[in-house]
Amino acid sequence: MLSLDEVLTRTLAVARDRVIAEVEKVDTFDALGRVLARGVVSALDVPPADNTSMDGYALRAADVGAAGPVLPVSQRLPAGVVGLPLQPGSAVRIFTGAQLPAGADAVVMQEQCQALPDAGGGLGAVRVDVVPEPGQWIRRRGEDVQLGAEVLAAGARLTPQALGLAASVGASRLTVRRRPRVALFSTGDELVMPGESLKPGAIYNSNRFTLRGLLQAAGCSVDDLGIVPDNLAATRDALRRAALHSDLILTSGGVSVGEEDHIKPAVKAEGWLEAWQVAMKPGKPLVFGAVRREGSQGENDSEALFMGLPGNPVSSFVTFLLAVAPVLRAIQGCPTAMPTALPLRADFDWPRPDKRREFLRARVNAGGGLELFPNQSSGVLTSAVWADGLIDLPALQPVQRGDTVQFLHFGDLLGR
Ligand code: AMP
Ligand code: MG
C-alpha cells in the first residue's frame, strides 16, 4: 500500500512537467475561474488620491481646537469632482469617495456637525461639534495597492474578488492558461442514465454527474464520453478516442481486481500505468498513467495523462478532491499543496479507527464542533451532500468526544 502523500509525490512529479503551454488573453469580464499565466502588476496607486470615507466636511484639524467653531463652507465636492485647495479657516462639504482638497487633513462626519444654511443660496456654514484628529476618515492614496505592486501572481485562480482587484488596477484583459481539457467516462454495465428505465440489476450513473461537475468547478473543459461497457476492446477504444484531444483522461470504476475490471489492462495496452492500493478510506484503488495520442507531433504532446478512480460514488468524489484536484492544479501551474486543515472539536466518538487514513464526511455545527454523517459507507452519496468537508483522521487513531481533529473544507480542497 502507498500513502496518499507518496501518491501525490509521484503524480505531481509527472504533472508538473506537463504544465499546459498555451496561454490566451481574455476579457477580465470573462475570466472567472481561469488561472493566471502572467501576474497582474499595478500601474497606479489605488486609491489614486487621498479621499474621504465619510459624508461630511473636509477641513484642517488645526482650525478646530475645541468643539463648536463655525466655519464657512467654501466648496461642495461630490465623488468624482476634484476641488480647489482648501482655504484655511473654511470647510468643504464632501461626499464619500470624493478626493480630498489640497490643504485638508481631516474629515468630520456630517452626524457630528450642524449645517447652517445660507438664506442667500450660498453654501452656508457648518458648526463642528467635535475635535477632529488629523487624518481621520481619510483613505490614503495607495493604501490598497501601490504602483508597481503585483496584485495577483501567476498561478492564481481568478475568484470574483480577484477579478474585482484586477479591475481596480485597470486591467481589462488578463493572460490566462488554456483550460485543461479532460475526457471523462464511466465504466460499468450496470449503469444507466437518469431518464432511462431502471432495468433489473441496473443503477443510475451518478459518478458521471459528480465528476463532470467537479471538473467544471475546477475550471476544466470536459469531453464527456458517457458510459463505456465492461470489456477490453470497448475500453481501449474509448481511451484512444479520449486521448486525442485531452490533457487528462478521468474514469470511474473498473479499477479493482475482478475480471470485469478492464481499465488496467486497457491503459497498459494503450500507454503506461501505475496501479496503486492507497492507504486511505474511502478510496484505495487508484490508477495513474498515460495514454498514447495517435498522430501526435512533439514529445510533450505525445500522450494524455490518465487517472482511474474507484467506482463507489463517495470513493470517486473523495479521491477526486484529494488526488485529482492537485494534478489539475499542477498542469495549470498553480500551487499544489494540500489546503490547511482546520483544527476543530469532535462532537462525536469514533472508537474503532481503520488501519488506513480515513476521510470522514462531517459538518460544522452551530457550536463550532464537528458532527459525523451517521453512515460513512463509500456507497452513501447522501453523506457527501450533507457534509461541509472531510475530517482527515490518521490511521488507527480513535476519537473521543472533545478531541481536536483536522477538518478540510470541500471548497478548499477544490481550490477556490
Ligand atoms: P467498480 O469500481 O467498477 O467495481 O464499482 C464499485 C461500485 O461502484 C459498484 O457497486 C458499482 O456499481 C458502483 N459504481 C461504479 N460506477 C458507478 C457510477 N458511475 N455511478 C454510480 N455507481 C457506480
Ligand atoms: Mg465496475
Side-chain angles (χ1 to χ4, degrees), residues 1-2 4 7 182-218 220 222-239 241-242 246 248-269 273-289 306-324 354 356 358-359 361 373 375-387:
M1 279 221 198
L2 219 57
L4 177 61
V7 164
V182 182
L184 174 68
F185 65 85
S186 331
T187 71
D189 286 344
E190 72 280 30
L191 302 175
V192 296
M193 288 298 289
E196 294 171 4
S197 75
L198 199 63
K199 51 188 194 285
I203 59 168
Y204 286 121
N205 182 351
S206 62
N207 291 345
R208 184 174 181 184
F209 292 82
T210 309
L211 294 174
R212 181 185 161 105
L214 285 165
L215 288 167
Q216 287 169 340
C220 303
V222 182
D223 180 14
D224 186 339
L225 302 179
I227 301 168
V228 171
D230 283 325
N231 72 67
L232 185 62
T235 310
R236 287 187 61 174
D237 181 61
L239 287 173
R241 276 186 293 131
S246 62
L248 172 70
I249 302 169
L250 186 67
T251 65
S252 79
V255 292
S256 302
V257 287
E259 65 246 34
E260 294 294 343
D261 294 317
H262 300 284
I263 285 287
K264 282 183 276 188
V267 176
K268 193 162 188 199
L273 83 160
E274 297 190 55
W276 296 316
Q277 296 296 309
V278 188
M280 63 184 270
K281 189 182 176 187
K284 208 162 166 197
L286 177 67
V287 176
F288 178 71
F306 176 87
M307 293 186 85
L309 307 183
N312 275 310
V314 182
S315 304
S316 61
F317 174 67
V318 169
T319 315
F320 183 99
L321 292 175
L322 295 171
V324 181
D354 200 82
R356 292 176 273 158
E358 274 191 276
F359 293 94
R361 272 72 66 215
F373 191 76
N375 186 342
Q376 293 285 327
S377 155
S378 62
V380 176
L381 200 49
T382 316
S383 68
V385 174
W386 180 90

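Not measured: the values here are computed from a predicted model. Whatever order the structure lists them in is the order used to number ligands and atoms, beginning at 1. Numbers for residues simply follow the sequence, beginning at 1.
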Check ligand 1 against Ile203 and write out every atom of the ligand that is under 4.0 Å from a heavy-atom position of the residue. 12 (O), 21 (C), 22 (N), 23 (C)

Using side-chain heavy atoms (C-beta onward) and a distance below 4.5 Å, is Phe306 in contact with Ile263? yes

Any nitrogen or oxygen of Ser186, side chain or backbone, less than 3.5 Å from one on ligand 1? no

Does the side chain of Ser186 pick up a donor-acceptor pair with the side chain of Asn205 at under 3.5 Å? yes

So which heavy atom on Val192 is nearest to which on Ser197, and how close? CG2-O, 4.2 Å

heavy-atom search around atom 2 (O) of ligand 1 in the protein gives Gly311 N, 3.1 Å

Which atom of Val222 lies closest to which atom of Leu215, heavy atoms considered: CG2-CB, 3.6 Å

Is any side-chain heavy atom of Thr251 closer than 4.5 Å to a side-chain heavy atom of Thr235? no

For atom 17 (C) of ligand 1, what's the nearest protein heavy atom and its distance? Asn207 ND2, 3.2 Å

Residues 191-209 vs salt bridge (charged side-chain N to carboxylate O under 4.0 Å, His left out), sequence neighbours excluded, gives Arg208-Asp224

If you measure every N/O of Asn312 against every N/O of ligand 1, is any gap under 3.5 Å? yes

Could you list the atoms of ligand 1 found under 4.0 angstrom from a heavy atom of Tyr204? 20 (N), 21 (C)

What protein heavy atom is closest to atom 21 (C) of ligand 1, reported as residue, atom name and distance in Å? Ser206 OG, 3.3 Å

Does anything in residues 274-289 form a salt bridge (charged side-chain N to carboxylate O under 4.0 Å, His left out)? List the pairs, not counting sequence neighbours. Arg10-Glu274, Lys281-Asp354

One residue to check: Ser252. Relative to ligand 1, which of side chain, backbone, both or neither has a non-hydrogen atom less than 4.0 Å away? side chain

So, regarding Leu191 and ligand 1 (criterion: nitrogen or oxygen to nitrogen or oxygen, under 3.5 Å), is there a contact or not? no

When you measure from atom 19 (N) of ligand 1 to every protein heavy atom, which one gives the shortest distance, and what is it? Asn205 OD1, 2.7 Å

Can you check whether Gly254 has an N/O within less than 3.5 Å of an N/O in ligand 1? yes

Taking all non-hydrogen atoms of both residues into account, name the closest pair between Ala242 and Leu225 and its distance. CB-CD1, 3.5 Å

Glu190, portion touching ligand 1 at heavy-atom distance under 4.0 Å: side chain

